[in-house]
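Read through the structure below, which is laid out as structure tokens, and then see the notes.
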Protein chains: 2
Amino acid sequence: MSRKRWRAVKEIRIADVARLAGVSTATVSRVLSDPDKVRQKTHDLVMEAVQRSGYIPNSTAQKLRTRRTMNVLVIAPRLTNPVFAEILRGVDDELTQSGYGIIIGNLDNRREREARYVDLALSRQVDGVLLLTGYIPENGARSMRDSGLPIVAMCAAIHEDGIPNVVVQDREATRKAVEYLARLGHRRFGYISGTLGSIIEAERFAGFCEGIAAAGFSWDDFVRWEGPFVFSTGVAAAEAFLQMRDRPTGIFAACDESAIGFIKHVRAERIRVPQDVSVIGFDGIEYADYTEPTLTTFRQPLHELGRVGADVLLKLIHNQMKPEDWSIRLPVTLLERETTGPVLHKDYKSLRRSTV
Amino acid sequence: MSRKRWRAVKEIRIADVARLAGVSTATVSRVLSDPDKVRQKTHDLVMEAVQRSGYIPNSTAQKLRTRRTMNVLVIAPRLTNPVFAEILRGVDDELTQSGYGIIIGNLDNRREREARYVDLALSRQVDGVLLLTGYIPENGARSMRDSGLPIVAMCAAIHEDGIPNVVVQDREATRKAVEYLARLGHRRFGYISGTLGSIIEAERFAGFCEGIAAAGFSWDDFVRWEGPFVFSTGVAAAEAFLQMRDRPTGIFAACDESAIGFIKHVRAERIRVPQDVSVIGFDGIEYADYTEPTLTTFRQPLHELGRVGADVLLKLIHNQMKPEDWSIRLPVTLLERETTGPVLHKDYKSLRRSTV
DNA sequence: ACACAAGATGTAATCGATTACAAAAATCGA
DNA sequence: TCGATTTTTGTAATCGATTACATCTTGTGT
């Protein structure tokens, strides 16, 4: 009994308001959703009853009847990575404006958690899905698409009919990263990967390889360190780097966090950045402004990406477009800062361990 | 017509499955929610129909009937701050296990956005609310509590009947921070605030003042720089700091991001940390491991905080406790790292501008 | 003042599940 | 085999709104 005390609050239903105002439930509903449909006098009458009773419509009942949940599911690989937090801000800005809510699906870098959110989507708890993740093959995306649910891919492009892509030109950017390093005189490269199996990593690595080829290098001219999009991947890469005889001098990291982890770790071992090794990141997160030295990186238009993605999803939900009409690729911009520079040891093909 | 193509997927209802299996909807429902209540044979029959039709229950209808939404609202001040992302991870881990979903309410540091989420909660879109924010006075929290909605405060403690607090001992920690700096020989202090008007900032500043008093100093022995919990607050503080004649040597920042912003900016002006100025942060975010020098800070048990808060909320939702039974205060631990050290200029009460 | 159109309101069906209660079927003991 | 008991299944009410359609009011033009 006493444990019920805090929950014992009477729920006011639309029928209560109707009775209080002496009208039908239909009229109350109309006052609340389409005031022009009722006479001013009735409107005031009803509104007073609403005020007096403190009525707030039960949104679940509304959802059932109108068949719109006014919620969108956002599936993200990891929330602690500011990249996704920032995209989410953009999404939020756009959706909030239209009265939509956000249900968050956080994979925490564990792919198997995806299934749960696919189920959630398929049980019609949401009107649409924004996919900030993507794995190869993309079964989750397909099954949601097949169920008729509007869905937008905002990781790297998912090449499936009925799934518009709102992505950045990461492939092109990564290619440019290699060219940029090559132009600075680098001849031996390092690639710090992102989450294996993710489409986004595949895209970036493909771009990297294109860059290697375009600059006239071969597969033997780079090493690849693997790991998810986190700080520690960069640290692990740094450890491997420090063990090498012929160390690369031009490093590209598929995300800023890895780049930061790498730099922190090699500097602790008295490797100078950029004099001994140049590092280029990807993302343009705010942290990268506060590292020492400040990180050269590609800035993704994260907030805009979020807004545009949400906007496309809303258009899809409102049937204002066909999915195939939309595939947007936003540009990324290179921020040349302090972690990249020309190769100093011109005679060496690479920075040898003994020179440190 | 063609624009409808992607949405033209027949929805399968429980009645369809019932017809397919030759039973009533009640039986289908029972098979799905309480299989022991039906005969094995019927069970198999129904399950086959479910499989064949690809039936997934409409969760909105379930919610309406059962009066449980299986969703929880989490109101957070800002998602790009990893503190909240990390707490959210803990919350997510706990809630996902119990089948609950998370609706995110991101204030983006703008207090006026709170109203929207209070409405969302009051319209019964969620079964409970986790409040990672809190302002003075706490009207939002009160009105949700009054409506009978389970709610847990996870910012600093909200002192209201019916609202359990799951918080960290930030007041005590902040007091210790001052004592720690005093023990290192610092005599003049700086306090970089968090978001003004937030309960959490009030708590930390109160702790700071307690520390000042406890260590035998007066109001004249510290300066306070104000701003929200972001990097740029630290930068602004650094700018003010650089303009001062009698600079403090012991700085406490109410969050790690501000501390990092401060350090970055003063180091760019050739102030050495910790030789010229000691800085102590609060939060223990991952990025604080990667700054140079590494940040001395208080580590909040963020993930645990999230788990415990979610756990308390679930107990509340399931009526397994009364709110007043629970107020939990988790300890924070001081991580002594590289941004704090003894005062070098013993003769000076503070670091004068000319000595730089 | 009357006929008719336009506007306001009410009645009742509907969204898609769960579940109390009733009815039917299966099980059991004598 | 029969009646009593237990188990399984079905019928229909219910959750709380929206909205198509019917009905009743009001307003307009003649």
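In this text, all values refer to a predicted model and were calculated from it rather than measured experimentally. Lettering of chains follows the sequences in order, A, B, ..., and the numbering in each one begins at 1.
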Return no unless some side-chain N or O of [X] is found under 4.0 Å from OP1 or OP2 of [N].
{"X": "B/Ser29", "N": "C/dT18", "value": "yes"}
{"X": "A/Arg39", "N": "C/dT9", "value": "yes"}
{"X": "A/Arg13", "N": "D/dG16", "value": "yes"}
{"X": "B/Arg68", "N": "D/dC15", "value": "no"}
{"X": "A/Tyr55", "N": "D/dA17", "value": "yes"}
{"X": "B/Thr27", "N": "D/dG10", "value": "yes"}

Can a side-chain donor-acceptor contact be found between B/Asp44 and B/Gln40 if the only test is distance below 3.5 angstrom? yes
Give a yes-or-no answer on whether the side chains of A/Asn165 and A/His159 include a donor-acceptor pair shorter than 3.5 Å. no
Between [options], spot the one nearest the side chain of [X], thanks.
{"X": "B/Val23", "options": "D/dT9, D/dG10, C/dA17", "result": "D/dG10"}
{"X": "A/Ala26", "options": "C/dG10, C/dT9, C/dC15", "result": "C/dG10"}
{"X": "A/Arg65", "options": "D/dG16, C/dA17, C/dT19", "result": "D/dG16"}
{"X": "A/Ser24", "options": "C/dA17, D/dG10, C/dT11", "result": "C/dT11"}

Gap between atoms [atom1] and [atom2], on [X] and [N] respectively (whole Å):
{"X": "B/Arg19", "N": "C/dG16", "atom1": "CZ", "atom2": "C1'", "result": "13 Å"}
{"X": "A/Leu32", "N": "D/dT19", "atom1": "CG", "atom2": "P", "result": "13 Å"}
{"X": "B/Gln62", "N": "C/dT18", "atom1": "CD", "atom2": "C1'", "result": "9 Å"}
{"X": "B/Met70", "N": "D/dC15", "atom1": "CE", "atom2": "P", "result": "21 Å"}
{"X": "B/Lys37", "N": "C/dT19", "atom1": "NZ", "atom2": "P", "result": "10 Å"}
{"X": "A/Leu64", "N": "C/dT18", "atom1": "CG", "atom2": "C1'", "result": "12 Å"}
{"X": "B/Arg124", "N": "D/dG16", "atom1": "CZ", "atom2": "P", "result": "8 Å"}
{"X": "A/Asp44", "N": "C/dA8", "atom1": "CG", "atom2": "P", "result": "14 Å"}

Heavy-atom count check: over 12 atoms from other residues, nucleotides or ligands less than 6.0 Å from A/Arg329 CZ? yes
Want to settle it: does A/Ile12 or A/Arg30 sit nearer the 5' end of DNA chain D, counting the closest nucleotide to each? A/Ile12
Do B/Arg30 and B/Val46 make a side-chain contact, defined as non-hydrogen atoms from C-beta onward lying under 4.5 Å apart? no
Most 5' of A/Lys41 and A/Thr25 on DNA chain C, judged by nearest nucleotide: A/Lys41
Paired with A/Met154, the side-chain contact (heavy atoms from CB on, under 4.5 Å) test is passed by just one of A/Leu313, A/Leu305, A/Leu131, namely A/Leu305
